[in-house]
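The analysis underlying the following values was restricted to heavy atoms, covering all of them including side chains, and did not include hydrogens, waters or symmetry mates.
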Amino acid sequence: MLAFCTHLLLSALSMQSSLLTDDAPVPFGPVPTAAQLAWHDREMQMFIHFGPNTFTGLEWGEGGENPKLFAPTALDANQWARVAKDAGMEAIILTTKHHDGFCLWPCASTTHDVASSGWSGGERDVLRELSDACAKAGLGLGVYLSPWDRNNPKYGTGSAYNEYFMAQLREVLGGAYGPIVEMWFDGACGEGPNGKRQVYDFAAFNALVHELQPGAVIFSDAGPEVRWVGNERGIGNETHWCRLNRDEFFPGTPRSEELGEGHRDGTHWIPAECDVSIRPGWFYHPDTDAKVKSVDALEEIWYASVGRGCGLLLNVPPDRRGLIHDNDAAVLRGLRARLDATFAKDLARGATASATTTRVSTVSPTRFSASRVLDGDASTYWATDDAVHDGAVTISFSAPTKVGIVRIEEYIKLGQRVAKFHVDALVDGEWKRVTEGTTIGARRILRFDGVSATAIRVVIDDALAAPCISSIQCY
Ligand code: FUL
């Protein structure tokens, strides 16, 4: 009993002292959830468009296709997972049903599915095989399920179709296929087989996804967790606020040109994801084998998406065998090799850091010091006092060092703060500006003409609240 009372007293005292001594900045604006933080860490994910279109050559199937057309000859989801893994991707999102309504898993509520297909006597399940392959490879699994359905007769009838769609969500998200990291809702909404357009109940769809897969983020034009970037070229906006006035948007929004930048004073944390295909179309077509994007083109896309704090969702469509074509696999290996070579050695590790201004902490004098940006620990950061919204961190090398890339990360658990910054290099004893930008967010990766510098200085020119920078890397 005495031990129990002592324990209570000690924990009360330590709670009180941490309240008194927690001199960290208070969060600024909306902040990411745990699921969104995990999404930010999955910098690059693979998108897989596969289905009847692979066999008909269409991009938007009409819905009346004979399921027997779906007949891959050598499908191997482990090969997809290997290609994704070798490319350094963190998850695979599969079109379990595209606009043609055909389901890649044996669906209990329609016969327009793999069970009626010409593939292996209707005995196999693409989602099951991908789920197993991802689990084995240590990849996350995401689900694209098109609300637009050009096959189902209930489409366009209101609640009857919404019920059908939610029954499908229950099948794919209910646990049979394990944890799902991302639910991808397409904003496309056209006519169904009866010529009518459907009014979707996205509030109910989202609530169901959250109930069935609390660890998943939902993507759509309007989030609620991840938003579309507003183009299908894989290009993020140079100014990328992770905040959005969410309630003014909906899937299929006519205001998609605002999605790239987001809103500086937005109400909700909803960062942008950049979807793009490695080929001209979303589905595999044999006449595009020579049109696979080059390593150079993919590298540019990577810097314009991942480098601007967005997620990159790169579509790699399997061919009619059910395998990723060698041309696609080869450029992905090339991209990985290029990125690995570029980012092999962080030149800032081992350098020293100092700041023009540092937040005072009574917990420890180094709690918010400049050295925090070099410690490789994502949970520590350099910060300024609340009233100070600018300042600079200088990274000094022991000898002139050739630098052409900086990677800067904000401590986004406390919100997104930086609105304007620039980077200087100390070359032959003189500071010269090498690059500049607006937002940073989860990360900003900037390339510039390489300089031989004895120091690199990241200058925060303007922030909406005390800047909190968790990492500065140089390559
Ligand atoms: C669009 C769809 O209409 C395309 O077919 C593709 O699935 C793309 C990712 O989203 O809205």
Side-chain angles (χ1 to χ4, degrees), residues 25 28 40 236 238-242 303 306-309 342-343 345-359 366-386 388-475:
F28 175 79
H40 278 290
E238 288 206 41
T239 298
H240 167 220
W241 291 109
C242 292
Y303 280 104
V306 176
R308 293 175 181 167
T342 304
F343 296 100
K345 182 161 189 271
D346 175 9
L347 303 164
R349 283 295 183 99
T352 55
S354 59
T356 53
T357 172
T358 295
R359 185 180 189 84
T366 60
R367 182 171 185 196
F368 303 114
S369 71
S371 61
R372 297 304 189 184
V373 306
L374 300 182
D375 64 7
D377 181 346
S379 69
T380 66
Y381 51 94
W382 163 75
T384 63
D385 281 332
D386 287 339
V388 179
H389 294 181
D390 54 13
V393 173
T394 300
I395 313 286
S396 303
F397 306 114
S398 51
T401 301
K402 180 108 194 276
V403 181
I405 297 177
V406 288
R407 175 177 172 133
I408 314 169
E409 298 174 8
E410 273 188 84
Y411 184 71
I412 55 170
K413 279 189 180 169
L414 293 178
Q416 190 182 9
R417 294 153 177 258
V418 176
K420 190 168 186 288
F421 69 98
H422 69 272
V423 180
D424 296 327
L426 190 58
V427 180
D428 297 330
E430 266 183 53
W431 284 110
K432 89 181 235 217
R433 183 178 292 215
V434 289
T435 187
E436 58 195 18
T438 49
T439 51
I440 296 176
R443 67 195 156 261
R444 191 69 197 268
I445 307 169
L446 290 150
R447 291 173 292 175
F448 46 89
D449 289 338
V451 285
S452 181
T454 45
I456 290 285
R457 177 166 77 181
V458 174
V459 184
I460 308 299
D461 298 305
D462 184 24
L464 308 188
C468 301
I469 304 294
S470 68
S471 173
I472 299 176
Q473 299 169 22
C474 299
Y475 299 94

Hey, what do you get for CD1 (I440) to OG (S471), rounding to the nearest 0.5 Å? 11.0 Å
Sub-3.5 Å donor-acceptor pair from the side chain of T401 to the main-chain atoms of A399, do we have one? yes
Rounded to the nearest 0.5 angstrom, the CD1-CZ distance for I445 and F343 is 5.0 Å
Pair listing, side-chain hydrogen bond (donor to acceptor under 3.5 Å, both in side chains) test, anchored in residues 448-457, at least two apart: D424-R457
Counting N and O atoms only, with roles assigned by atom type, does the side chain of H40 sit under 3.5 Å from a partner on the main chain of A442, one being a donor and the other an acceptor? no
With rounding to the nearest 0.5 Å, note down the distance linking NZ in K402 to CG in L347. 11.0 Å
Check: I405 and Y303 side chains under 4.5 Å, non-hydrogen atoms: yes
First locate atom CG of D462, then atom CG of D390, and finally report the distance between them rounded to the nearest 0.5 Å. 8.0 Å
Might you point out which heavy atoms bring F397 and A453 nearest each other, and give the distance in Å? CD1-O, 3.5 Å
Contacts under 3.5 angstrom, residues 427-437 side chains, donor-acceptor by atom type, not counting sequence neighbours:
from : atom 1 : to   : atom 2 : distance (Å)
R433 : NH1    : E436 : OE1    : 2.7

On a heavy-atom basis, which atom in Y475 and which in K345 lie closest, and how many Å separate them? CD2-O, 3.1 Å
Heavy-atom closest pair, residues G376 and R349: CA-NH2, 3.1 Å
Do V393 and I469 come close enough that some side-chain heavy atom pair is under 4.5 Å? no
For the residue pair S470 and A378, what are the closest heavy atoms and their distance? CB-O, 4.2 Å
Shortest non-hydrogen contact from R372 toward R367: NE-O, 3.3 Å
Does the R407 side chain pair with the main chain of R443, one donor and one acceptor, at a distance under 3.5 Å? no
Do side-chain atoms of R308 reach the backbone of G236 as a donor and acceptor pair under 3.5 angstrom? yes
If you measure from CD on Q473 to CD on E409, what distance do you get to the nearest 0.5 Å? 5.5 Å
Counting only N and O atoms by type, is there a donor-acceptor contact under 3.5 Å from the side chain of T439 to the main-chain atoms of H240? yes
Backbone N or O of A392 within a donor-acceptor pair of the T356 side chain at under 3.5 Å? yes
For T357, is there any backbone N or O sitting under 3.5 Å from a side-chain donor or acceptor partner on W382? yes
To the nearest 0.5 angstrom, please state how far the CZ atom of R417 sits from the CG atom of L464. 9.0 Å
Heavy-atom pair of closest approach, residues A466 and D385: CB-O, 3.6 Å
